Amino acid sequence: MKLLIKNACYAASDGEWKESDILIEDGTISKIEANLQVAVDRKVDAAGLIVAPGFIDLHVHLREPGGEKKETIATGTLAAARGGFTTVAAMPNTRPVPDTKEQMAWLVERVKEVGKVRVLPYAAITTRQLGKELTDFHALKQAGAFAFTDDGVGVQSADMMLQAMQLAAKENMAIVAHCEENTLIHNGCVHEGNFSKKHGLNGIPSVCESVQIARDVLLAEAAGCHYHVCHISTKESVRVVRDAKRAGIRVTAEVTPHHLLLAEDDIPGLDPNYKMNPPLRSAADRAALIEGLLDGTIDFIATDHAPHTVEEKNTGMELAPFGIVGLETAFPLLYSHLVKKNILTLEQLIALLTAKPAQSFGLPYGKIEVGEAADLVLIDLNEEQVINPAEFLSKGKNTPFAGWKCSGWPVMTIAAGQIVWKKGCVTV
């Protein structure tokens, strides 16, 4: 199919904004020129919009197989498309876990059948994510694994993590870690701080996360492995990653929109929609995360999209599962509360959602250039909407951002040259 985007104001790879037409053929950007006059199957007028590379989210939970009441590959990838994401990486805490070549092969085929955008599947580090036996890294890579993680649980044994990193290094693959020392969790459901004390709840201390990151960066140095820190949340963790990078250790880190925008003092009460893991930390932690993002300690932004049913989230702060959804609201939230408040530039935000995650993992996406994959999102920076979970395409409605007024909403998403989601964009 040939698709022509007219009047595109787009974010070029050199950081400059340019105006041109973009021709897409067979899933690839074939021409970027002014006033293109060619016969095509479809034209899109992007006047008044900006065009960015399709966003990349390397931390999402699609729940299938086993958790289809919460989300499916079809609904999760449609939600991703609505949010402007054209590449997502799916975590392995499904049932069954993608811990064998057969299960990974099934997952790859299932994505081909029903996925609306590109899905990069993680494989588990250990069998059933139990931390007792390493999976077959080589076989899983051959079957289509993107990287290895036991996300949702930290690998507790240092010896097992070192062995995993050594295997991953041999395969030139990354170890991606949910960092949590189990002996320090203490049945916590929120951050150990003002909110936990006020409400008499068990708290999860900051050191629960940072101590495992400190262990792992040294193991990664010994193994020569790419080590990636999921959803970093504390000032101590930022300091450890910063020091590790200065020491030349190959470590990258991500941060979520909710940890950039909220702290424990923003939780209005015992609302489980504010319960996530890692929890919302202190205002000082939030400030350290923003500082780390600005100085390059934190490499990119990922949503940790974690849908749950309404019934599950209604069981109270202590019993409700951790996690919130984020794919459909990430860009407008970050644009409204970081860019419009002069904390980030628009160019920085787009890079943190596109080029930066691609560079961190060596992915051939995140650029608007001739010959590159035609993954694009058209955004109306002036459109204002109130976040309404009832309108989400995700099955999950669990968000603390309901009612927030934001601007900067995607209106069309193009993945591999196909329009996979559209709202209010004029076609000619």
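Computed from a prediction, not measured in an experiment: that's the story for all the values here. Below, all heavy atoms of this structure are taken into account, side chains as well, without hydrogens, waters or symmetry copies.
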- Task: Taking the side chain as every heavy atom from C-beta outward, state whether F195 and D266 have any pair of such atoms under 4.5 Å apart.
- Result: no
- Task: Decide yes or no on side-chain hydrogen bond (donor to acceptor under 3.5 Å, both in side chains) for H305 and T303, but give the supporting numbers first.
- Result: CA-CA 5 Å; H305 175 82; T303 68; 5.2 Å; no
- Pair K141 + D136, salt bridge at N-O below 4.0 Å: no
- Query: Judged by atom type as modelled, is there a donor-acceptor pair below 3.5 Å linking the side chain of K397 to the main-chain atoms of P307?
  - Reply: no
- Item | Stacked cation flag K275 on F322, 6.0 angstrom / 45 deg | yes
- Query: Just wondering, are more than 12 heavy atoms of other shown residues or ligands nearer than 6.0 Å to NZ in K235?
  - Reply: yes
- Is there side-chain contact between E318 and N202, with at least one heavy-atom pair below 4.5 Å? no
- So, the side chain of N314 versus the backbone of E311: is there a donor-acceptor pair under 3.5 Å, distance only? no
- Answer yes when E71 and K395 have at least one side-chain N-carboxylate O distance shorter than 4.0 Å, and no when they do not. no
- V377 vs I379 side-chain heavy atoms within contact, under 4.5 Å: yes
- Criterion side-chain hydrogen bond (donor to acceptor under 3.5 Å, both in side chains) on S237 and E209, from CA distance to verdict: CA-CA 7 Å; S237 299; E209 173 183 288; 2.6 Å; yes
- Message: Aromatic contact between F148 and Y122, with the criterion being ring centroids under 6.0 Å apart: yes or no?
- Response: no
- Message: Would the distance check show the side chain of T75 and the main-chain N or O of T72 forming a donor-acceptor pair, the cut-off being under 3.5 Å?
- Response: yes
- D295-T297 side chain donor-acceptor pair, cut-off 3.5 Å: yes
- Message: Assess the residue pair D159 and Q163 against the criterion (side-chain hydrogen bond (donor to acceptor under 3.5 Å, both in side chains)); give the C-alpha distance rounded to whole Å, side-chain angles, the decisive distance to 0.1 Å, and a yes or no.
- Response: CA-CA 6 Å; D159 180 56; Q163 291 181 53; 2.8 Å; yes
- Separation between OH of Y335 and NZ of K341, rounded to the nearest 0.5 Å: 13.0 Å
- Do W17 and E347 have side-chain atoms, one donor and one acceptor, less than 3.5 Å apart? yes
- Item | Sole candidate of L3, V44, I368 that passes side-chain contact (heavy atoms from CB on, under 4.5 Å) when paired with I22 | I368
- Query: With no hydrogens and no angle check, do the side chains of Q103 and D99 hold a donor and an acceptor under 3.5 Å apart?
  - Reply: no
- Value rounded to 0.5 Å, distance of CH2 in W421 from CE in M412: 9.0 Å
- Message: Which heavy atom of V108 sits nearest to which heavy atom of G144, and what is that distance?
- Response: CG2-CA, 4.4 Å
- Item | Spatial distance of atom CD (E254) from atom SG (C230) [nearest 0.5 Å] | 4.5 Å
- Item | Under 3.5 Å: donor-acceptor pair, side chain of D150, backbone of V155 | no
- Is the closest side-chain heavy-atom distance between L376 and I5 below 4.5 Å? yes
- Message: Please check: side-chain N/O of E372 versus main-chain N/O of Y365, any donor-acceptor pairing under 3.5 Å?
- Response: no
- Task: Indicate the ring-plane relationship of F361 and F300, choosing parallel, tilted or perpendicular according to the 30° and 60° boundaries.
- Result: perpendicular
- Message: Checking the side chain of E68 only, and the main-chain atoms of G66 only, is there a donor and an acceptor separated by less than 3.5 Å?
- Response: yes
- Message: Quick one, V420 and I414 - any side-chain contact, counting heavy atoms below 4.5 Å?
- Response: no
- Message: Evaluate L260 against I290 for side chain to side chain contact (heavy atoms under 4.5 Å, CB included), listing each step before the verdict.
- Response: CA-CA 6 Å; L260 291 171; I290 292 172; 4.0 Å; yes
- Task: Can you measure from CG (L201) to NZ (K197) and round to the nearest 0.5 angstrom?
- Result: 13.0 Å
- Task: Calculate, to the nearest 0.5 Å, the distance between atoms CG and NZ belonging to L319 and K313 respectively.
- Result: 11.5 Å
- Message: Can you confirm whether the side chains of H308 and N398 place a donor and an acceptor under 3.5 Å from each other?
- Response: no
- Flag the pair K70 and E312 as a salt bridge only when some basic side-chain nitrogen lies within less than 4.0 angstrom of an acidic carboxylate oxygen. yes
- Does T354 reach the main-chain N or O of I350 with its side chain, forming a donor-acceptor pair under 3.5 Å? yes
- Task: For the pair E133 (side chain) and T126 (backbone), establish whether a donor and an acceptor sit closer than 3.5 Å, ignoring hydrogens and angles.
- Result: no
- Message: For N93 and H61: C-alpha separation, side-chain torsions, deciding distance, then whether side-chain hydrogen bond (donor to acceptor under 3.5 Å, both in side chains) applies.
- Response: CA-CA 8 Å; N93 56 341; H61 298 268; 2.9 Å; yes
- Does the side chain of I324 come within less than 4.5 Å of H258's, by heavy atoms? yes
- Measuring from H59:NE2 to I301:CD1, what's the distance to the nearest 0.5 Å? 14.5 Å
- Would E236 and R239 pass as an ion pair if we require N to O under 4.0 Å? no
- Task: Answer whether the closest heavy-atom distance between the side chains of L353 and I56 falls below 4.5 Å.
- Result: no
- Query: Under 6.0 Å between the ring centres of H259 and H231?
  - Reply: no
- Message: In terms of relative ring orientation, are W404 and F401 parallel, tilted or perpendicular, with 30° and 60° separating the classes?
- Response: perpendicular
- Message: Quick check: do R82 and P410 have side-chain heavy atoms less than 4.5 Å from each other?
- Response: no
- Message: Under 3.5 Å, is there a donor on one side chain and an acceptor on the other for H191 and S282?
- Response: no
- Message: Any side-chain to backbone donor/acceptor pair from T87 onto R118? Under 3.5 Å, distance only.
- Response: no
- Message: If only side-chain N and O atoms count, and only distance matters, is there a donor-acceptor pair under 3.5 Å linking E180 with N277?
- Response: yes
- Query: Do the charged groups of E264 and R281 touch, with an N to O distance under 4.0 Å?
  - Reply: no
- Task: Tell me, yes or no, whether the heavy-atom count around R128 atom CZ, taken from other residues, nucleotides or ligands under 6.0 Å, exceeds 12.
- Result: no
- Message: Test your reading of the model: is there a side-chain donor-acceptor pair from D375 to the backbone of A416, 3.5 Å cut-off?
- Response: yes
